[in-house]
Every structure is written in structure tokens, then in C-alpha cells.
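Single-structure report; data block below.
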Amino acid sequence: KNEVEQSPQNLTAQEGEFITINCSYSVGISALHWLQQHPGGGIVSLFMLSSGKKKHGRLIATINIQEKHSSLHITASHPRDSAVYICAVIGSGSRLTFGEGTQLTVNP
Amino acid sequence: KAGVTQTPRYLIKTRGQQVTLSCSPISGHRSVSWYQQTPGQGLQFLFEYFSETQRNKGNFPGRFSGRQFSNSRSEMNVSTLELGDSALYLCASSVMGQGGEKLFFGSGTQLSVL
């Protein structure tokens with residue numbers, strides 16, 4: 001079993017839909033990153049969370065340290081949100097361990 | 001402010017050769033980390049440098065090495081290349097901000113080993 005599990009692996013939505021991507025982890029962590037990767041490889045860090053909730057525009061990220069679970073929500077999704085979303089946890093020694101990613105496709 | 005710059009963007013090598021990849025972090029960032037991304041294994045942590053010292057190392061063989069210079073630029077070296085080393089190699093620089101650590105990734109070096 002991977003230390004970081006994301007679900008779903010693939011997600012197709014219609015423009016305007018509310019989207020949720022989940023991340024569960026099995027190790028102790030100090031914080032968690034949500035990353036976005038567009039075709040061509042470029043990765044953008046969306047959030048770093050150690051507790052609670054953060055919001056930036058249409059993106060909301062939450063984390064529950066006790067339940068070892070985080071979610072990334074996208075409100076009013078748009079085709080430009082189509083990308084791979086990756087959860088990465090900061091574990092022992094400040095090393096990042098990554099989930100396998102969620103491929104999101106938003107159709108117009 | 002310029003972003004994280006990785007060179008070269010693409011590289012083709014043959015088995016047994018060695019390769020050096022370069023990463024220039026954002027000005028003022030002292031932490032640089034390296035990652036390997038493959039379709040099969042996804043993203044994996046290689047190592048992290050801070051102020052010229054290796055702070056963390058992932059589970060990669062000794063053929064993978066790196067260093068950081070006094071200007072925070074970092075290089076990664078892979079010796080005796082194997083077909084399985086074909087991957088996108090990403091580096092990131094980071095800085096502690098108000099909301100915690102902020103990571104900034106380069107565009108990566110796509111390495112193909114033939």
C-alpha cells in the first residue's frame with residue numbers, strides 16, 4: 001500500500017461542477033502540499049497545509065491531521081482547471097512523498 | 001523575479017554515459033530539492049540541499065548525486081546511465097513564507113536514455 005493514496009485517479013466533469021479530490025496518508029506528517037501539473041510538466045504549488053482549511057480563489061483545501069486525510073475542492077470548475085493534481089506529504093526528515101495524482105478533465 | 005531555471009530542457013544519452021543537470025533557484029532561495037518523475041513510479045524525492053549541505057536524501061542508488069554551490073545553484077549528476085533513468089527531472093526551490101513553506105518548481109529536464 002502506498003503511503004499516500006489519492007482518489008479518484010481520473011475525474012471528468014462538466015464546466016461549472018463542484019469537484020473534490022481526496023488524499024489519505026498513512027504516515028505521520030508535519031504538513032501537506034497540493035500541487036497542480038499541466039501538460040508539458042510545469043508544476044505549481046497550490047497550497048501548503050498543516051491544519052484546518054485554506055482558500056484561494058475557487059480552490060479550497062482542507063486537512064484533518066487526526067484522520068490523516070486532506071481534500072482539494074474546486075468550485076465552479078472551468079476547462080482551464082484541467083490538469084493533474086498531486087498531493088505530497090512532508091514526512092520524516094522533511095522529505096516529500098507524493099500521491100499518484102488525479103487527472104482532472106473539465107469539459108465545456 | 002525570474003523563476004526556477006533548469007537546463008538543459010531535453011537531453012538524450014546512451015546507456016553507460018553520465019549526465020549533469022543544472023538548477024538555478026529563485027534569487028534569495030537557499031533550499032533546492034530534486035525529484036524524478038516517471039509514468040510508472042510517479043514523482044519521487046531525490047535529495048534536498050540547503051546552504052551547500054545535503055539535508056535529505058531519497059531512496060536512490062549512489063549513481064545519483066548532487067551538490068549545491070555558494071550562489072545556491074545546484075547540479076545533479078547521474079553516472080552509468082541505465083534505461084530506467086529515463087524520466088523528467090524536476091528541481092524546486094523553496095522559502096518559508098507567512099503561510100508556511102512555498103515551493104517553486106522548474107520546468108524540468110526530460111532525460112531519455114537509449
Side-chain angles (χ1 to χ4, degrees), chain A residues 1-7 9-10 21 23 25 27 29-57 59-63 65 70 83-103, chain B residues 3-11 21 23 25-26 29-50 53-60 86-112:
Chain A
K1 192 178 191 300
N2 293 334
E3 290 182 345
V4 182
E5 300 263 350
Q6 281 186 240
S7 63
Q9 280 189 305
N10 294 283
I21 299 170
C23 175
Y25 50 91
V27 295
I29 70 167
S30 57
L32 177 150
H33 285 274
W34 278 104
L35 310 172
Q36 179 193 58
Q37 186 171 30
H38 280 282
I43 294 179
V44 174
S45 176
L46 299 173
F47 296 103
M48 192 192 92
L49 296 164
S50 54
S51 65
K53 176 179 171 178
K54 285 190 178 179
K55 184 176 190 294
H56 186 258
L59 302 177
I60 303 165
T62 63
I63 188 167
I65 294 287
S70 176
V84 176
Y85 292 84
I86 302 167
C87 163
V89 301
I90 303 173
S92 62
S94 300
R95 290 162 48 170
L96 276 178
T97 303
F98 299 86
E100 293 180 350
T102 295
Q103 173 69 61
Chain B
V4 178
T5 304
Q6 289 188 248
T7 56
R9 187 72 178 90
Y10 300 94
L11 205 46
L21 312 182
C23 174
I26 291 172
H29 290 194
R30 292 161 65 189
S31 174
V32 173
S33 49
W34 287 89
Y35 307 89
Q36 182 197 63
Q37 186 175 35
T38 59
Q41 299 293 322
L43 271 162
Q44 296 184 86
F45 169 78
L46 277 157
F47 24 68
E48 182 201 5
Y49 289 88
F50 183 86
T53 301
Q54 187 180 83
R55 206 156 59 166
N56 283 297
K57 190 175 191 304
N59 298 324
F60 279 81
S86 295
L88 178 66
Y89 290 88
L90 291 152
C91 86
S93 70
S94 64
V95 67
M96 288 304 289
Q98 206 171 6
E101 183 188 35
K102 292 187 182 299
L103 272 178
F104 299 86
F105 285 83
S107 298
T109 294
Q110 184 67 56
L111 172 65
S112 297

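Only this structure's heavy atoms are used, side chains among them; waters, hydrogens and symmetry mates stay out. Labels below follow one simple rule: chain letters A, B, ... track the order of the sequence lines, proteins then strands, and each chain is numbered from 1.
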Side chain, backbone, both or neither of [X] within contact of chain A (heavy atoms, under 4.5 Å):
X      : answer
Q37(B) : side chain
L88(B) : side chain
F47(B) : neither

request  = Any chance you could measure I86(A), atom CD1, to F98(A), atom CZ, to the nearest 0.5 Å?
outcome  = 7.5 Å

Under 3.5 Å: donor-acceptor pair, side chain of Q44(B), backbone of N59(B) = no

ask   = In terms of side-chain heavy atoms, does S107(B) have a donor or acceptor partner in Q6(B) at a distance below 3.5 Å?
value = no

inquiry  = Does the structure place the NZ or CZ of R95(A) under 6.0 Å from the centre of the six-membered ring of F45(B), at an angle of no more than 45° from the ring's axis?
reply    = no

